[in-house]
Structure formats: C-alpha cells, structure tokens
Amino acid sequence: MDTCPERCGRRDGDVADTAGSSRRTGAGGAVDKLALNAISDIADYWNVQYAKTFPGVLKPVTRFISWDSTAPRAQAVEFCRGSTYQEVNAAYCSADKTIGFDRGTLLPGLVQKFGPMSVVMVLAHEYGHSIQAQAKLNGFFTPTVVREQQARKLAISGADSAGLRAACFSGAYSTKLSQPGSDLQLSATDLDAAISGLLMDGVAAADVNGAVVPSGFVRLEAFRTGVLDGEDACLKTYK
C-alpha cells in the first residue's frame, strides 16, 4: 500500500466525501462506513497536528474511491488511471489527492483477521502519504528547508523512506485513539490486533504499482516510533 504518483485518476461514480455522503455504485456497506468514519477521524487529527510540524495550511483529503476487487472486469472502476479489476489494495493517489481502497477483499479480510481497527491503521497510513505530499508542496522538502531541518537534527532526504514515514505517522495518530473524547476508541487489545496487519506480506505489503515495500517488522518499528515519540521523530528517524 503506497502512493500512486503517475497514473492516478478517478470515476465520479465512485467517490464519497468526508461527511459520508456516497455517490458510489454498489457501495455504502458496513466496510465503507467504517472506512469513511476512520478517515474523518484521521482528518480531524491532522487538522490539529499538521501546523505543529509542517508549514502552510493543510487541505484535507476529500475524495475517496471504494471498489470491489471481486467485481467482473466490465464493472471495475478506475483508480490511478488503471483498472481496479482484482486490485486488492489501498493507496493514496498524489496526482488527484484521492484515497482508494478495496471493499471487496482487502478491508473485509483485515476486519476478519485483525479486527476493525486494522482498517483504521491502514487508512491512517495512506493519509500519511497525503500529509507528506502536502508538506512537499508547501516547501518542507525543498533544499533550504531540508538544511534547516537537518540543523535541528530532523534529517530528510527524498522519498526513499516515504512508506516508513507514513507508517510512523499512523503510529502517532493512534495515540489519539486512546484519549478521552476520541470518536474512535482503541484499547490495548485493539492495538495489538491492528498492528498485526503491519506484519502482513503479499497484497498489504505492495504498493499500487506492484513494488515491494519495507518488511512488516520494519513497518512495525516505524509505527512504534510514531506511538512513542510523535511526528518529529518520524522525520528524524526515516530520512
């Protein structure tokens, strides 16, 4: 699961907004509702935290594509300018600032194996890619700013560690879920089950282009860094 920088696209019939109003054909089931509720809570977190770490104003992700990877080829929708036919994945599309996810196989499988909070963590990871993309557009990753951050021991060097930073950001977000008043509540048992998804191989360990992402144990360590030390540590550690 990762970003889609080159071939991102959308079909309007498969987009929903953060308020949960759905224009998706065949969508709107329990998994979609779980995903949209999760994304809304993740967006609330970053609306507060973004300005504490990055320059500029955060523009929350407002377009989401839900597809069924088990649907016939003729019914498959487009995501990242490619067919979602048998695409068991979740990803952030940087070209059109869209998050997409498979409601047919991936998310139900995560719920069955690891519980609902694993879906929240997957989507928090994808939202982390959105945060990195916006920070770059706002100048955070320009040479001048990188030098300034390196002087503060926040070493950053391109996109090689983007996936690990996203995993780390999802760990930082997870701390919100144990706080009173959070829309989503995360118990210690929930957390254990959710992070088990970070150890998955196969479809959950590949990006939308089929490239291999860091191993589950490396992602787990990145997640742990975010839990313990927050966003600044994510930038310091994964350069």
Side-chain angles (χ1 to χ4, degrees), residues 1-18 21-29 31-32 34-36 38-39 42-43 59-111 118-134 136-137 158-167 169-170 197-198 200-216 219:
M1 294 172 287
D2 212 322
T3 57
C4 173
E6 296 297 335
R7 50 186 188 87
C8 299
R10 68 182 178 90
R11 181 177 297 178
D12 286 340
D14 298 280
V15 177
D17 61 28
T18 52
S21 60
S22 176
R23 301 195 302 273
R24 295 187 300 262
T25 303
V31 170
D32 272 335
L34 170 63
L36 288 175
I39 291 170
I42 295 162
K59 295 181 180 179
V61 180
T62 58
R63 294 189 294 180
F64 311 99
I65 298 179
S66 167
W67 68 82
D68 183 353
S69 61
T70 67
R73 187 186 297 272
Q75 296 178 16
V77 301
E78 290 186 358
F79 176 67
C80 287
R81 296 179 186 155
S83 173
T84 56
Y85 177 64
Q86 297 184 344
E87 183 69 38
V88 182
N89 213 338
Y92 170 68
C93 180
S94 60
D96 67 358
K97 303 176 180 59
T98 299
I99 289 177
F101 49 87
D102 167 33
R103 68 176 182 268
T105 301
L106 178 64
L107 297 196
L110 288 170
V111 172
S118 62
V119 172
V120 179
M121 293 299 101
V122 164
L123 295 173
H125 177 97
E126 301 311 332
Y127 213 99
H129 284 294
S130 166
I131 296 301
Q132 294 183 77
Q134 291 198 55
K136 183 176 181 179
L137 288 175
D160 289 347
S161 294
L164 293 178
R165 283 197 297 267
F169 285 161
S170 66
L198 294 171
M200 288 179 64
D201 291 322
V203 295
D207 67 16
V208 292
N209 298 309
V212 175
V213 299
S215 70
R219 296 197 303 277

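When reading the values below, keep in mind they use all heavy atoms of this one structure, side chains included, and skip hydrogens, waters and symmetry mates. Predicted model only: the values in this text are computed from it and were never measured.
Between atom OG of residue S66 and atom CD1 of residue I99 there is a gap of 12.5 Å, rounded to the nearest 0.5 Å. One distance of note links CG of L34 with CG of L110; it measures 10.0 Å at 0.5 Å rounding.
A pairwise comparison of heavy atoms in G104 and D68 identifies CA-OD1, 3.2 Å as the closest pair. The heavy-atom pair separating Q132 from R165 by the smallest distance is OE1-NE, 2.6 Å. Closest of all the heavy-atom pairs between R103 and P108 is O-CG, 3.1 Å. The heavy-atom pair separating E87 from S69 by the smallest distance is O-CB, 3.5 Å. Between V120 and I42, the closest heavy-atom pair is O-CD1, 3.8 Å. Here the closest heavy-atom approach between residue N89 and residue W67 is recorded as O-CZ2, 3.5 Å.
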Next item on the list: Quick one: do V111 and V119 satisfy side chain to side chain contact (heavy atoms under 4.5 Å, CB included)? Show the steps, please.
Entry: CA-CA 7 Å; V111 172; V119 172; 3.6 Å; yes
Notebook entry, point to check: When you look at T98 and F79, which way does the side chain to side chain contact (heavy atoms under 4.5 Å, CB included) test go after all the steps?
Noted result: CA-CA 9 Å; T98 299; F79 176 67; 4.1 Å; yes
Next item on the list: Apply side chain to side chain contact (heavy atoms under 4.5 Å, CB included) to the pair V61 and I39, showing each step before the final yes or no.
Entry: CA-CA 9 Å; V61 180; I39 291 170; 5.7 Å; no
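Side-chain contact between F169 and H125 is absent, with no heavy atoms from C-beta onward closer than 4.5 Å. Side-chain contact between L106 and F101: absent, with no pair of heavy atoms (C-beta onward) separated by less than 4.5 Å. Under the 4.5 Å side-chain criterion, counting only non-hydrogen atoms from C-beta, S170 is not in contact with Y127.
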